[in-house]
There are 2 protein chains.
Amino acid sequence: MEFSSKLLQNAVDEVSFLPGIGKRTALRLVLHLLNQDQEVTTDLAKALIDVKTKIKRCKNCSNISDQDICEICSNPKRDQSIICVVEDIRDVMAIENTEQYRGVYHILNGKINPIEGIGPNDLNISPLVEKVQQGKVNELIFALSSTMEGDTTNFYIYKQIEENKIKTSTIARGISVGDELEFADEVTLGRSITNRIPFENSLKN
Amino acid sequence: MEFSSKLLQNAVDEVSFLPGIGKRTALRLVLHLLNQDQEVTTDLAKALIDVKTKIKRCKNCSNISDQDICEICSNPKRDQSIICVVEDIRDVMAIENTEQYRGVYHILNGKINPIEGIGPNDLNISPLVEKVQQGKVNELIFALSSTMEGDTTNFYIYKQIEENKIKTSTIARGISVGDELEFADEVTLGRSITNRIPFENSLKN
């Protein structure tokens, strides 16, 4: 695509860096902004900068939060000894929607993925292992999506905490293998939390 | 969707104001930015602000440009007496790609659309009528998409300049009725420029 303006070209290039946005869609979005009032663009730009610079990660679970400790971790009604291990905050939102879970979370911010160069040290794994070693945890629930990368990550963490003899479980495989957790319906996802099975059992399949 | 952070909520809301972007896609885009380096977000925000505040409209045709007069209007090889009337710059880009056209353009920045409250005075129509009245124009080519709104806009302009007795044409209806111009393939669109027909003829169908 050839553009009559370097500014336009630059804006379209930047927008099309976003995942799932091609050049044509990017051009449509930029032209939409050009046809709107100035403040639509400035509000959008400010919101993106703010969320990137001012947002905090909960010091306990790495959930996105405006405070140092997120609402879930600071809620006295939640059971701090049960930790659900998830990939990102969309999974937290999906599980919270089921209203089936009263423990807390630990967000890894990704899965082990050698092809994309993501190793265990790139993820939020060692604080989780420390929590378990400090004896504060009764049960870990692995709730990563059941892909190759999810299974690898589960297994890596399991090996790190195996000798601590705590209860480990995975959410029931009611969710189809290969599907992303966030797109599961609430009933299936809620049931998969309720019917979680010991991690050792999941290795036998 | 409930968010654990007002900053996140705000960013997702702003992104989902964009056409064709839902809340779920907006969340995915914002989380993508959160996982990237700071400069990805600042570059994106800066490009959007720059394109909105610094970009110029060509004083002759209203094309998007970094100069006061766009590259097409300032090109001595282009025939300034033939003007192709289009809706927006995506249509200019589409026609330029065919390499079939050596005249210049006039961009209306929309079509007459009473349902959305867009009347003739909201569009870049009167400078076009002035150009015709000044006797500088030999031919107008109407290249709006052949929808109800496009036809209405064509007819409105035609009525304004009818008494000036210049040649008027529409691009050949090789493009399916109701289709958007920008999605036509290059061969069809190029042929529709070459085989344009007198505007009066198009009224007979």
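Letters A, B, ... are given to chains in the order of the sequence lines, protein chains preceding strands, and every chain is numbered from 1.
- The residue among A:N35, A:L18, A:I21, A:D88 with the most heavy atom pairs within less than 4.5 Å of chain B is A:L18.
- Put simply, CG on A:L7 and CG on B:D66 are 4.5 Å apart, with the number rounded to the nearest 0.5 Å.
- Heavy-atom proximity under 4.5 angstrom to chain B picks out nothing from residues 114-142 of chain A.
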Report the C-alpha separation of B:L48 and A:V15 in whole Å, then their side-chain angles, then the decisive distance to 0.1 Å, and conclude whether the side-chain contact (heavy atoms from CB on, under 4.5 Å) test is met.
CA-CA 9 Å; B:L48 292 178; A:V15 174; 3.9 Å; yes
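- The candidate with the highest count of non-hydrogen atom pairs below 4.5 Å against chain A, out of B:I72, B:I49, B:N97, B:I64, is B:I64.
- Ranked by heavy-atom pairs under 4.5 Å with chain A, the list B:Q67, B:E71, B:Q38 is led by B:Q38.
- The closest donor-acceptor contact from the side chain of A:K52 to the backbone of B:V40 lies at 3.5 Å or more, if one exists at all.
- The candidate from A:A45, A:G110, A:P19 with the greatest count of non-hydrogen atom pairs under 4.5 Å with chain B is A:P19.
- Of all residues in residues 24-34 of chain B, those placing a non-hydrogen atom less than 4.5 angstrom from a non-hydrogen atom of chain A are B:R24, B:L27, B:R28, B:L29, B:V30, B:L31, B:H32, B:L33, B:L34.
- The candidate from A:R90, A:K54, A:K46 with the greatest count of non-hydrogen atom pairs under 4.5 Å with chain B is A:R90.
- In this structure, CD in B:E14 is found 8.5 Å from OG1 in A:T42, a value given to the nearest 0.5 Å.
- From A:K6, atom NZ reaches atom CD1 of B:I55 across 12.5 Å, with rounding to the nearest 0.5 Å.
- Of the residues considered (A:D13, A:N10, A:D43, A:D50), A:D43 shows the highest number of contacts with chain B, using heavy-atom pairs under 4.5 Å.
- For A:I89, the part lying under 4.5 angstrom from a heavy atom of chain B is the side chain only.
- Environment of NZ in B:K23: crowded, with over 12 heavy atoms of neighbouring residues, nucleotides or ligands closer than 6.0 Å.
- The contact between A:Q36 and chain B is made entirely by backbone atoms, counting heavy-atom distances below 4.5 Å.
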